[in-house]
Structure formats: C-alpha cells, structure tokens
Asks: 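What follows is a structure written as structure tokens; I'll ask about it next.
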Amino acid sequence: MSGSGRNEAPGVYHERQRLELCAVHALNNVLQERIFTQEAADEICKKLAPDARWNPHRSFLGTGNYDVNVIMAALQSVGLEAIWWDKRRPLEQLSLEGVLGFIINVPSNVCLGFLSLPVRRRHWIAVRQLDGTYYNLDSKLKGPAPIGGESDLRVFLQEILSQGPCELLLVVPHESSEAGNWLSTVR
C-alpha cells in the first residue's frame with residue numbers, strides 16, 4: 001500500500017515512503033494517524049526561517065528531507081515534545097511509561113533502482129507501542145514490523161544506537177517533558 005493507511009497488522013497505522021518525506025511519515029506513524037502533510041511541513045519550515053532564500057530545514061529541491069527542528073515544531077503543535085536521548089545514558093534509565101513513542105534518525109543508503117550509491121543520507125523512523133507490542137514503523141518497510149515487549153524494545157534501540165551516527169528522540173506529552181517522567185532513577 002503506497003502512501004498511507006491501515007495494513008495487514010490490524011489496528012496499526014503505517015505510511016509508506018514517498019519522495020524524501022520520511023519525517024512526515026515518522027510523525028504520522030508515531031501519532032497513528034495522518035495529521036501532517038508535505039504542505040504542513042513546508043509551512044513549519046517557512047515559520048522556522050521566514051526570511052531565508054534557501055530554507056535550511058528542508059531539501060532545496062522541495063522533496064522533503066526535513067530536519068529535526070521541523071519534527072520538534074510539528075510535535076509541539078499537537079501538545080507533544082521531542083526529548084533528545086543522551087546516548088551516554090544506559091537505556092535502563094529510560095522509563096517507558098511516560099513515552100508515547102520514538103522517532104529515530106539513522107543513516108540510510110541512497111539507491112537508484114537496484115544500484116546502491118556510495119552516498120549516505122539521513123532517514124527518520126518511528127517506533128510505537130500498540131496493544132502491548134512495540135512496532136518498527138519505518139516507512140521503508142512494507143508494513144509494521146513487530147519488535148516485541150519492553151525488553152525487546154531496549155535490545156532493538158541498543159542495536160540501532162550502537163550502529164553509528166544516529167539520534168533517538170522520545171515523543172512525550174508536554175507534561176511528561178516538564179516532569180521528567182521519561183527518566184528512571186535506576187543506574
């Protein structure tokens with residue numbers, strides 16, 4: 001299913017990759033509904049850099065490739081916050097109760113058809129728990145990929161974080177952000 005919608009994992013919303021709109025797809029996938037569009041993301045870019053000739057928050061080609069500032073502003077517009085996870089902290093300090101989901105920025109190969117180019121770009125993916133199961137909602141996947149429970153999620157996140165330059169954003173309600181409910185005191 002190209003674009004957006006429900007799929008073979010009952011009740012799990014999953015948008016597929018289109019152009020360089022992975023940030024938009026990651027936002028909608030973590031929120032589990034189509035709230036943001038390319039046009040909405042472009043409007044956020046204009047607000048972030050109103051006087052810029054070339055907007056630094058997206059691709060100059062107009063195909064997307066939005067940066068973290070767009071994701072953070074989009075989440076704030078719906079009462080959520082993005083908390084940057086300090087990778088020096090052990091994942092055992094992550095309290096999952098206060099976290100709605102995750103948006104992760106990972107390196108991605110650039111391909112032209114079947115030809116993989118020696119160029120790496122950045123790609124945004126979403127992870128969300130639904131009915132007790134965490135799902136990898138990467139828009140490059142054909143559908144949601146079940147990760148499992150909390151321990152499986154921690155293993156999944158550790159594997160991603162250990163693969164090199166990537167960033168982990170916790171998506172939390174504004175109240176959780178201020179209270180720090182996403183951080184456990186376990187050492």
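Quick note: residue numbers are just sequence positions, from 1.
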Asks: Output side-chain donor-acceptor pairs under 3.5 Å for residues 71-79, partner residues at least two apart or in another chain, one line each.
Replies:
{"from": "Ser77", "atom 1": "OG", "to": "Ala74", "atom 2": "O", "distance (Å)": "2.6"}

Asks: Can you check whether Ile147 reaches Val127 side chain to side chain, under 4.5 Å on heavy atoms?
Replies: yes
Asks: Strictly by modelled atom types, are Glu15 and Asn29 linked by a side-chain donor-acceptor pair under 3.5 Å?
Replies: no
Asks: Could you check if a side-chain atom of Val24 sits within less than 4.5 angstrom of a side-chain atom of Trp124, using non-hydrogen atoms only?
Replies: no
Asks: For the backbone of Val30 and the side chain of Arg128, can you confirm whether one donor and one acceptor N or O come within less than 3.5 Å of each other?
Replies: yes
Asks: Answer yes or no: is there a donor N or O on one side and an acceptor on the other, between the side chain of Asp152 and the main chain of Gly149, under 3.5 Å?
Replies: yes
Asks: Please identify which of these residues, Ile125, Asn136, Leu94, meets the side-chain contact (heavy atoms from CB on, under 4.5 Å) condition with Phe102.
Replies: Leu94
Asks: In plain terms, say whether Arg88 and Asp86 are close enough for a salt bridge, that is, a side-chain N and a carboxylate O under 4.0 Å apart.
Replies: yes
Asks: One pair to check against side-chain contact (heavy atoms from CB on, under 4.5 Å): Ile44 and Asn69. What are the steps and the verdict?
Replies: CA-CA 9 Å; Ile44 292 170; Asn69 298 294; over 6 Å; no
Asks: Using the rule that two of Ile, Leu, Val, Met, Phe, Trp, Tyr join whenever any of their side-chain heavy atoms come within less than 4.5 Å, decide whether Val155 and Ile104 are in one cluster.
Replies: no
Asks: Nearest heavy-atom pair of Pro90 and Trp85: which atoms, and what distance?
Replies: O-CZ2, 3.5 Å
Asks: Would you check if Glu33 and Asn28 make a side-chain contact, meaning some heavy-atom pair closer than 4.5 Å?
Replies: no
Asks: Grab the two heavy atoms, one from His14 and one from Ser139, that are nearest each other, plus how far apart they are.
Replies: NE2-CA, 4.0 Å
Asks: If the condition is side chain to side chain donor-acceptor pair (under 3.5 Å), which residues does Asn105 pass it with, not counting sequence neighbours?
Replies: Arg122
Asks: Decide yes or no for Gln17 and Leu141: does some side-chain heavy atom of the first lie under 4.5 Å from some side-chain heavy atom of the second?
Replies: no
Asks: Check the side chains of Asp138 and His123 for a donor-acceptor pair under 3.5 angstrom, ignoring hydrogens and angles.
Replies: yes
Asks: Strictly distance-based, threshold 3.5 Å: is any side-chain N or O of Arg16 a donor or acceptor partner for the main-chain N or O of Lys140?
Replies: no
Asks: Quick one: side chains of residues 158-173, donor-acceptor pairs under 3.5 Å with protein atoms, not counting sequence neighbours, listed by atom name and distance.
Replies:
{"from": "Ser162", "atom 1": "OG", "to": "Gln158", "atom 2": "O", "distance (Å)": "3.1"}
{"from": "Ser162", "atom 1": "OG", "to": "Glu159", "atom 2": "O", "distance (Å)": "2.9"}
{"from": "Glu167", "atom 1": "OE1", "to": "Trp84", "atom 2": "NE1", "distance (Å)": "2.7"}

Asks: Under the side chain to side chain donor-acceptor pair (under 3.5 Å) test, which residues partner Thr37, sequence neighbours left out?
Replies: Glu39
Asks: Could you list the residues that satisfy salt bridge (Lys or Arg N to Asp or Glu O under 4.0 Å) with Glu150, not counting sequence neighbours?
Replies: none
Asks: Give, for atom NE2 of His25 and atom CZ of Phe36, the distance between the pair rounded to the nearest 0.5 Å.
Replies: 14.0 Å
Asks: Under the side-chain contact (heavy atoms from CB on, under 4.5 Å) criterion, do Arg34 and Tyr13 qualify, and how do the steps go?
Replies: CA-CA 9 Å; Arg34 187 173 193 254; Tyr13 182 85; 3.1 Å; yes
